[in-house]
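Only one structure is covered here, and it is reproduced in the block below.
Below, chains carry the letters A, B, ... as their sequence lines are ordered, and counting in each starts from 1.
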Amino acid sequence: MALRIFNTLAGRKEVFKPTREGKVGLYVCGITAYDVCHVGHARSAVVFDVMARYLRYLGYDLTFVKNFTDVEDKIINKAKAEHTDIFEISDRYIKAHDEDMAALGIAKPTVTPRATEHIDGMIELIEKLLAKGLAYVVDGDVFFSVERFKDYGKLSGRSLEDMLAGARVDVNEKKQNPLDFALWKASKEGEPWWESPWGHGRPGWHIECSVMSQKFLGETFDIHGGGEDLIFPHHENEIAQSEGATGKPMAHYWLHNGFVKINNEKMSKSLGNVCTISEMLKNYHAEVIRLFMLQSHYRSPVDFSDKSLSEARTGMGRFYTTLKAMKDFLVSCEAHAEITADMLSEKHRNVFEQLEALPVKFVEAMDDDFNTARGIGHIFDGVRLINAYMAESRCFPKAETCFVLRFSWKKIRELGMVLGLFMEDPDVYFKQDNDREARKRGINIAEIEHLIKQRREARWAKDWGRADEIRQRLAEKGVVLKDTPTETTWKIV
RNA sequence: GGCGGCAUAGCCAAGUGGCUAAGGCGACGGUCUGCAAAACCGUUAUUCUCCGGUUCGAAUCCGGAUGCCGCCUCCA
């Protein structure tokens, strides 16, 4: 089976064929650096992070470019309001972005260029478009003429007539056609500017992506991605600029991720329900957020709520409970000699083979347009299999069991690597989880531990009434105890 | 007004022509346990919003209805 991906350009799934054997060029539109990132950015980042990881897992030599827009109206306005320049603003939010992404476990793209580093390239590209008659200059502004680019509308699936019928375009008498868009804008008083053949000015919004993708990935590259809202006008305009200038396809596959809703409402500043990544990370482990997102298909909308995130947390707890049990089991394995797969007896071999098949099933799911939800379903199956296997062989750690569990651990981590999950040490995960939940709910950890100590004494005295009373008291706070032969551990449900 | 998407169990969510409609959360019953927890086993959609059609066969394709959502203006 080969990787198939849903191409917005074609409107259907297509078999993925890289332009150059073994290599993939991926360009994703990054943020405009004028504010902190929210969960919508997080989703896009997680989705394309997983795609990038998966392409590498398949063995492709990937070049992943994700840009920053660091000159734009909103940045200029914010700089004015704070009596500073745009670079201070964009630097601040790029730094915040990088911290958020690192906290979410997003692997760094290969290149993260900034628009203002490529002004020369933009001017060159605009001159090329002017020379080809696809653009025109009016009073220091340069516009792209959509009528002169025959494929305009091919990505978003609309015709010029359709769009004009909508007629919700701002009136600008400089434009020959209301849908023409700015490649270069003459700078107004007090705005940042760069020298250009058309006077002092600054780039339009779309040109940077055409230039930077060309520079780092070439005139034609493999995959271009972004949020679904970018299909029109941003990506449509990128295609017009790039393909207008080169006469070659810009990207073969266009991928768009679905939106995030909050409590079933569109997230927007006007509704006041924008949830930032840093707020989200205070309440949930990064992997919980990732699991939540990856349990839906990347093109569907997802609905963020405390309920949905809590469910994801429970699911994540299930994974780590198994990983913890495996880890504890494997500690007792040190005394056992290494064996090989062909030495396994039938029962053990059966489990081994099912785990061996897990990556195959996972790849089959991921090959179908990055179906992470199905892939995760397979991992849950694997976890149940491992749990059953451990329950059965719990008391008898033998060389065979150790071999199979070591192998299982490797397989689970291998798939986790693709999804950016299961990267924590299980003990660290649960410790962090308890601390976070205790803080969220105002539970005093010292008090819990004190009560557990009292209960231990009651249990030694076989005072079950007192022991159960303490258990009950803690349960009311959401603290659940687990007695093991050696100790009592707790967690918050 | 134009373009597009979605509708699957109590909830979330895979599945896009044919063998038993994944998986998670929840609930219930059982095993285990001093009691619990975790884990395991079992049960939880004869049916995929509704109405027509195509087909030997449809959740899956086509037409229509209803409902929800997105884009067309900055937006991941």
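The A/S296 side chain lies nearest to B/A14 when the options are B/C11, B/A14, B/G34. For A/T321, the side-chain atoms get nearest to B/A38 when compared with the rest of B/A13, B/C11, B/A38.
Counting non-hydrogen atoms under 4.0 angstrom, A/G258 reaches a base of the nucleic acid. The residue A/R455 sits close to a base: some heavy atom pair falls under 4.0 Å. Among the heavy atoms of the strands lying under 4.0 Å from A/M267 is at least one base atom, whether or not backbone atoms are also near. Nucleic acid contact class of A/A388 (heavy atoms, under 4.0 Å, all strands): sugar-phosphate only. At a threshold of 4.0 angstrom between heavy atoms, the contacts of A/R43 with the nucleic acid are absent.
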Every protein N/O lying under 3.5 Å from an N/O of nucleotides 24-28 of chain B:
residue : atom : partner : partner atom : Å
B/G24   : OP1  : A/R384  : NH2          : 3.3
B/G24   : N2   : A/E311  : OE1          : 3.4

Protein-nucleic acid N or O pairs under 3.5 Å, nucleotides 67-71 of chain B:
residue : atom : partner : partner atom : Å
B/G70   : O2'  : A/E228  : OE2          : 3.4
B/C71   : OP1  : A/K266  : NZ           : 2.5

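A/D306 pairs by the side-chain contact (heavy atoms from CB on, under 4.5 Å) definition with A/Y284, not counting sequence neighbours.
Taking the ring axis of A/Y34 as reference, the NZ or CZ atom of A/K74 stays within 45° of it and closer than 6.0 Å to the ring centre.
Rounded to a whole angstrom, the distance from the P atom of B/C48 to that of B/G10 is 13 Å. Comparing B/A59 with B/C6, their C1' atoms are spaced 14 Å from each other, to the whole Å. Comparing B/A58 with B/U43, their P atoms are spaced 27 Å from each other, to the whole Å.
A donor-acceptor contact under 3.5 Å links the side chain of A/D468 to the base of B/G34. A donor and an acceptor atom sit less than 3.5 Å apart, one in the side chain of A/R471 and one in the base of B/A36.
Residue A/S300 places at least one side-chain N or O closer than 4.0 Å to OP1 or OP2 of B/A14. OP1 or OP2 of B/C40 lies within a sub-4.0 Å distance of a side-chain N or O belonging to A/N387.
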